[in-house]
Amino acid sequence: MDTPMPPATQPSIAIIGGSITGPTLALRLLQEGFQDVHVFEASPQPTALAGGIIGLEHTALGVLDTIGVPQEQIIPYPSERVVTIKVADQLEAGRVQTLYPGRNTIWQLINNSLLSRLPAEHLHTAMRATAIGTDENNRARVEFANGTTVSADLVVFADGRRSVGRQLLDPGRQLGYAGVVAWRGQSSWLPADMKDFTRYEPLGTRLAIFPTILRDGSVGTDWTFYLPMTTEHFKQLCGGDPVQRVFVLPHQVTPAAKLFVTNMTAELLPAPALQLMEHTTSWAAAPLLTIDPPKQMIFKMGGSRALLIGDALAPVFPLTGRGANNGIEQADALVTVLTQCYRYDANVDAALQGWQRRMLPTVEQALQLGPQLAQGLGLRPTPYQAANLRSVGSPKPSPKSSPSPRGTTGVQRGGQPRRPMR
């Protein structure tokens, strides 16, 4: 039986960010008996973002299980299979099947599930952090754009790729742009019999698609299309610098941007992929970002501490599949450390240093892996400059009048892949 935590020894904990890592951390802390835990989310509506395929490994799935988020609620299709379709001249040139050590889901399904379990008194929306310092009692104090200030013994920044916390605590590590944009969307079109995470891979790009439950409850497809793009072209289509506009929200995706992505689909991919774009109802985008590996996660603020975790610590390429996994695993390990310290009166600083020492190598490995994967796919900012310039016209029709079996993404019943045509 667990030793109860004395209320008098409990710290006050402020968590900045209400996406996945922040709510996971809050729910785990509440589960372990911490009571003074509050999540501050900048957006008035935390679930306003759209889509985004996320692979969760079994370690992260186990953490979500622990806080009462069952797989059947967040995993629309429990397939472990990854089907990779090589494409040449818009035709299938072969396919490979592998197994993913986890399950695939969609950002909004996890976010909705987490926030629905977080008691209302612990979630505060429309609270955009702007500064951190110390108060008259030498405790960390966070200032918000609306004039509110909050003091806490522990401040955890889990506020995403363009983290205010990282800018304030570790300003020497600046974001860079990798020359590639992950275009995202949700489409009402679903290939027949598709239940697996499927990747089209012509040289120089990748289209990843996965079946999901759309916001209206219908079944559709969530997709991510990686396309090289110069900074200037990104500014032209998306209205901002890629290291400033780190997410392009649905209402910010211009007709010209949709036209560009549709044109590239028609030029590079088999005919069925064009149907995916033509039936897309929600668009978004995220430039791939680079950053130096972090040297620390813990920062002293007077007698308090401030931490960086998840994407706030270091955003990794989505190609690695480690973004959400890093955040969830760091949050869970942090809760274990804090629980042991405050339940058994151990030294918090020493324990946090041990936590940091275990977490940092995984982050550094993911930061190294992302560019390696991009290079393997031929993802560079230059191959499609001519296509970029052509994208101001109308979408090019597919050269094939009907879908070719070599361009389909489904598998036959019984799990066997269709054989490529010779």
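Positions are given from 1, in the same order as the sequence printed here. Keep in mind it's a predicted model, so treat the numbers as computed, not measured.
Relative to the six-membered ring of F299, R305 misses at least one condition, a distance below 6.0 Å or an angle of at most 45° to the axis.
The distance from atom CG of L64 to atom CZ of R117, rounded to the nearest 0.5 Å, is 9.5 Å. For the atom pair I106 CD1 and T212 OG1, the distance stands at 4.0 Å (nearest 0.5 Å). If you take CG on L154 and CG on D36, they are separated by 11.0 Å, rounding to the nearest 0.5 Å.
The minimum heavy-atom distance linking G165 with D159 is given by the pair N-OD2, 3.3 Å. Considering every non-hydrogen atom in both P76 and I74, the closest pair reads CD-O, 3.3 Å.
The shortest distance between side-chain heavy atoms of R173 and L313 falls below 4.5 Å. For the pair Y226/L288, a side-chain contact is recorded, criterion being any heavy-atom separation below 4.5 Å from C-beta on. Counting heavy atoms from C-beta outward, S116 and N112 have side chains that stay 4.5 Å or more apart.
Residues S79 and D196 have side chains that bring a donor and an acceptor to within less than 3.5 angstrom of each other.
The aromatic rings of W283 and W223 lie perpendicular to each other, with more than 60° between the two planes, well past the 30° mark. Ring geometry for F210 versus Y77: interplanar angle over 60°, hence perpendicular rather than tilted (30 to 60°). Taking the six-membered ring where the residue is Trp, H124 and H38 present tilted rings, their angle falling between 30° and 60°.
Ring centers of F144 and F40: under 6.0 Å apart, within the cut-off.
Surrounding CD of Q31 are more than 12 heavy atoms belonging to other residues, nucleotides or ligands, all under 6.0 Å away. Atom CD of Q375 sits in a sparse spot, with 12 or fewer heavy atoms from other residues, nucleotides or ligands closer than 6.0 Å.
A salt bridge links E57 with R322: the closest approach of a Lys/Arg side-chain nitrogen to an acidic carboxylate oxygen falls below 4.0 angstrom. Contact check on E80 versus R103 returns a salt bridge, with a Lys/Arg side-chain nitrogen under 4.0 Å from an Asp/Glu carboxylate oxygen.
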